[in-house]
J.: 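This is the structure I want to talk about, given as structure tokens.
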Amino acid sequence: MEKYFFLIVALSTYILVLIWAVLFKVGKGDSPLTAFNQLHIRFSLFYLLVSAALFLAFYTPDLYTVFDFSIGYFFYLGFHYAIFQNFYGLAQRSISASLLILLKHNGGEMRVNDCLKNYADGKGFGYIKKSRLEDMVHLQFVSLENGVYKITSRGKKTSFVVRSILGFWGLRQLGK
């Protein structure tokens, strides 16, 4: 087999993720970013299984092959989490982009109250918080019990990591 074989398999697999996401319109659901991440995880398992099968069929275990596989998987994950997931999320959730599109569809100008009222297909800016809380429940960062949001163990760990990163960089949380 050739050099960087597993890197080529990783890139090919990620191209399949993107093609699948476009062809089957992953972004049309209630939680598009979650659906995109779930698709990525499924194809990640596909990559691991294909790589394992190819490894067992054509390779003898050596350090070079393990590094080649590791580099391929690192790039596969990197493409998703460092590049495409960010663009996917920004394109869908960017408030500025949404407002620009809203203004463009309304002849380039709108009154301030109309902008605030018509955001998110007429749901208004309150939709942002509602949507994010629904995502947080779906991702199990919080639970909703009898109309009360409660932070979960996963949410506490995530909160700790976020606070640590903010503290490290000397940043403050804007949503306080």
Side-chain angles (χ1 to χ4, degrees), residues 10-47 74-152 154-176:
L11 294 175
S12 301
T13 304
Y14 204 81
I15 289 169
L16 286 174
V17 169
L18 297 176
I19 290 170
W20 190 281
V22 171
L23 287 178
F24 293 98
K25 303 202 183 305
V26 172
K28 291 284 186 186
D30 291 336
S31 185
L33 193 58
T34 301
F36 188 59
N37 285 330
Q38 288 173 340
L39 176 68
H40 172 258
I41 289 169
R42 287 186 190 108
F43 272 89
S44 181
L45 294 174
F46 171 79
Y47 170 75
F74 174 79
F75 272 92
Y76 176 81
L77 294 173
F79 280 126
H80 183 73
Y81 292 108
I83 300 171
F84 290 105
Q85 180 187 24
N86 291 322
F87 288 131
Y88 194 88
L90 280 174
Q92 185 211 10
R93 291 180 175 226
S94 169
I95 295 170
S96 298
S98 296
L99 288 171
L100 290 172
I101 291 168
L102 181 64
L103 286 166
K104 177 74 174 141
H105 285 325
N106 287 285
E109 60 182 50
M110 290 178 74
R111 295 183 179 278
V112 172
N113 287 340
D114 291 337
C115 279
L116 297 175
K117 185 173 51 174
N118 291 322
Y119 179 81
D121 295 325
K123 297 173 188 167
F125 276 102
Y127 173 76
I128 296 170
K129 289 182 182 177
K130 183 177 183 288
S131 171
R132 296 291 162 85
L133 284 167
E134 288 171 358
D135 286 347
M136 290 174 65
V137 169
H138 184 74
L139 295 170
Q140 299 175 352
F141 292 128
V142 298
S143 63
L144 179 59
E145 300 170 14
N146 300 320
V148 176
Y149 288 106
K150 295 182 180 179
I151 193 166
T152 63
R154 177 186 270 184
K156 289 176 185 175
K157 290 173 189 170
T158 303
S159 173
F160 173 77
V161 169
V162 170
R163 285 182 289 129
S164 298
I165 292 170
L166 289 171
F168 177 80
W169 290 106
L171 300 172
R172 64 180 179 83
Q173 179 63 45
L174 295 177
K176 277 186 166 182

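What you are looking at is a predicted structure, and each value in this text was computed from that prediction instead of being measured.
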J.: So which atom in F43 and which in T13 form the shortest heavy-atom distance, rounded to 0.1 Å?
T.: O-CG2, 3.6 Å

J.: May I have the step-by-step check of side chain to side chain contact (heavy atoms under 4.5 Å, CB included) for H80 and N37, ending in yes or no?
T.: CA-CA 9 Å; H80 183 73; N37 285 330; 2.7 Å; yes

J.: Where do F141 and T158 come nearest, in terms of heavy atoms and distance?
T.: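 So the minimum-distance heavy-atom pair works out to CE2-OG1, 3.1 Å.
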
J.: Rounded to the nearest 0.5 Å, what's the gap from CG on L11 to OH on Y14? Could you check?
T.: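 Result: 11.5 Å between the selected atoms.
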
J.: Provide the closest heavy-atom pair for L102 versus C115 in the form atom of the first, atom of the second, distance.
T.: CD2-O, 3.9 Å

J.: Is atom CD of E109 surrounded by more than 12 heavy atoms (other residues, nucleotides or ligands) closer than 6.0 Å?
T.: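 For E109, atom CD is not crowded (no more than 12 foreign heavy atoms under 6.0 Å).
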
J.: Output all residues satisfying ring-ring contact (aromatic ring centres under 6.0 Å, His included) with Y127, sequence neighbours left out; order by chain, then residue number.
T.: none

J.: Only counting residues at least two apart or in another chain, list the ones meeting side-chain hydrogen bond (donor to acceptor under 3.5 Å, both in side chains) with S44.
T.: Y73

J.: For F84 and V17, run side chain to side chain contact (heavy atoms under 4.5 Å, CB included): C-alpha distance rounded to whole Å, both residues' side-chain angles, the deciding distance at 0.1 Å, then the answer.
T.: CA-CA 11 Å; F84 290 105; V17 169; over 6 Å; no

J.: Can you name the closest pair of heavy atoms from R154 and L139 and give their distance?
T.: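 Here R154 and L139 meet closest at NH1-O, 2.6 Å.
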
J.: Nearest 0.5 Å, what's the CG-CG distance between N118 and N106?
T.: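 Interatomic distance, N118 CG to N106 CG, rounded to 0.5 Å: 6.5 Å.
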
J.: Nearest 0.5 Å please: distance from the CE atom of M136 over to the CD1 atom of I151.
T.: 7.0 Å

J.: Check Y47, W20, F79, Y81 against H40 for a ring-ring contact (aromatic ring centres under 6.0 Å, His included) and give me the one that passes.
T.: Y81

J.: Using 0.5 Å steps for rounding, measure from the NE2 atom of H138 to the CD atom of Q140.
T.: 8.5 Å

J.: So, for V26 and F36, which heavy atoms are closest and what is the spacing to 0.1 Å?
T.: CG1-N, 3.5 Å

J.: Has S159 got a side-chain atom pairing as donor or acceptor with G155's backbone, closer than 3.5 angstrom?
T.: no

J.: Testing the basics here: between L133 and V142, what is the closest heavy-atom pair and its distance to 0.1 Å?
T.: O-CG2, 4.5 Å

